[in-house]
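In what follows, chains carry the letters A, B, and so on, assigned in the order in which the sequence lines appear, proteins first and then strands, with residues in each chain numbered from 1.
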Amino acid sequence: MARKLDQIELNMLHEIADLHQIPDGAYNIRLNGESAGRNSTENITIESKTDKPGINIIIKPGTKNEACHIPVMLSESGITEVVYNDFFIGEDADVVIVAGCGIHNCGTDLSEHDGVHTFHVGKNAHVRYVEKHYGEGDGLGQNVLNPTTVVYIEEGGRMEMETTQIKGVDSTVRETTARLADGASLEIREKIMTHGKQVAKTNFTVDLDGEGSSANVVSRSVARDESTQKFVSCIRGNNVCTGHSECDAIIMDNASVSASPDLDANNVEASLIHEAAIGKIAGDQIIKLRTLGLTEAEAEEQIIAGFLK
Amino acid sequence: MLELRNISYLVDDENGRNEIINDVSLDIREKFVAITGPNGSGKSTLAKLIAGILKPTSGRIILDGTDITDLNIDERARLGISFAFQQPIKFKGITVRDIISLASGKKLPLNVVCDYLSQVGLCARDYVDREINDSLSGGELKRIEIATIMARGTKLSIFDEPEAGIDLWSFQNLIQVFDSLREKTDGSIIVISHQERILNIADKVILLADGKVGSFGEAGEIIPSLANGVTDVCSKIPGQGEQTIG
Ligand SMILES: Nc1ncnc2c1ncn2[C@@H]1O[C@H](COP(=O)(O)OP(=O)(O)OP(=O)(O)O)[C@@H](O)[C@H]1O
Ligand SMILES: [Mg+2]
């Protein structure tokens, strides 16, 4: 362990990983571009890459009910980094991986973390991947996070990915690509809230190559103030498969949201659906909560909190 | 308790000015008052005027001596008015437990939430964490709406057709719910209903016809008149009243 975490860092750890302290089990904490602690377990090995910044996380076949935490924190202003993390999830394993990036930027410089995460999900393995993004700081420096996620799922494998970005990230471009083999399934749930002049772009590209493969991409977002969001989901059905993508957004103030579906069916048995709904908070929902005694502002807050829950 | 003084509500539509509520004056002091009348007679509009969702074109609304005409929806709610909608509102992500807690104004322990749900005949365990969205049936939404008003426990509760969508088998339970509400309250309950069995348990029945109070009296006096076609819906549609066949 390089050094003890201070209060700001512990607070970020809580926001991005729901952790109050250094976790049990396998973990790797990256702080200001350096390792601040690592632990491998019998079934989960974490090792540094030798050719570029980043780590390999190797999970033994058959590993059940284990979790691995890999939080990244930037607490100094002006750090920009690109990190490559590769996950190898063995056959029949069933694990939870909690990643997350927190930026505390009190300076005037840009802080940027671009993480490239590649998942190799083995046959019949199941992984739940939880990723949270959080920025804070009272400086003028920009907080930028550009996560790239590349997913390969082998026969019968299953991945659930939950990504959340609620606060403090000025600019984000999220790229997610996935390729699924026979019987594989992928479920992505994204939650985003943008404020001020923030910009968030999300691109999903899923190739359903395998027979009986399926993907479900669901995005719920709230755009406030002058912020802008762009959601593009491209699902290619290359076999007998089912794909569904959904973008549900609330716009407020002078914000803007755009959602573009891109469905390619390359097989007659491919069934692909896209749904998008963008609009302001329903007036009758506000009225209902006001009849329960909430003010208009309190009602809005409850509606948004529920929507992003 | 609640006094309406010369309340009118006008809207401008394609037929010109339309009096949805026409000079209604009422003094409600009884514990349990039912409002009935044909479809389109203005019952829901009157309830929305009392809850503050609509503002009267003219007239005053007095609650326990306080003029509330100029108060907005949430100010009236905090003064003790509750309103169960004819068509319950759906949300995304807000659960049954959330809404009942919001209604009561505090975070309720699970057993208290469950207790409200059981009273309206819902098996609590199956419902507390359900979202209030399209996945709930019409009857389930109506029952949750009633539970929400019970959790508020205010001095004036207005229910707009609470029986709609509730199956016959459960109807007796619904009557019990209103009986026990009446026991507990020291205020008033107003129920808008088309059901004779609900009108029968009311202290007074108001018959609304064409935006006006047709009659206001004991259930025993009002109900027989309903059968005599006093409440002819067609008289409201322009031109239809004059039509004669044969
Ligand atoms: N904003 C509006 N503009 C025009 N007409 C309206 C408006 N609001 C209500 N109305 C009309 O006013 C009348 C009364 O409506 P209201 O919903 O109060 O009836 P109701 O007595 O509750 O009927 P029901 O038994 O069907 O629930 C109806 O004819 C309706 O079409
Ligand atoms: Mg009505």
Student: Do any of residues 90-122 of chain B come closer than 4.5 Å to chain A, heavy atom to heavy atom, and if so which ones, in number order?
Tutor: B:Lys90, B:Phe91, B:Lys92, B:Gly93, B:Ile94, B:Thr95, B:Asp98, B:Ile99, B:Leu102, B:Ala103
Student: Is A:Lys201 atom NZ crowded by more than 12 heavy atoms from other residues, nucleotides or ligands, each under 6.0 Å away?
Tutor: no
Student: Step through the shown structure and confirm whether more than 12 heavy atoms of other residues, nucleotides or ligands are within 6.0 Å of NZ on B:Lys55.
Tutor: yes
Student: Chain A contacts: which residues in residues 59-89 of chain B have a non-hydrogen atom closer than 4.5 Å to it?
Tutor: B:Asn72, B:Ile73, B:Asp74, B:Ala77, B:Arg78, B:Ile81, B:Phe83, B:Phe85, B:Ile89
Student: Surrounding NZ of A:Lys280 (heavy atoms of other residues, nucleotides or ligands, distance under 6.0 Å), is the total greater than 12?
Tutor: no
Student: So which part of B:Thr154 gets closer than 4.5 Å to some heavy atom of chain A, the side chain, the backbone, both or neither?
Tutor: neither
Student: Counting only heavy atoms closer than 4.5 Å, note whether A:Lys288 contacts chain B via side chain, backbone, both or neither.
Tutor: both
Student: For A:Lys167, look at atom NZ and say whether over 12 heavy atoms of other residues, nucleotides or ligands are found less than 6.0 Å away.
Tutor: no
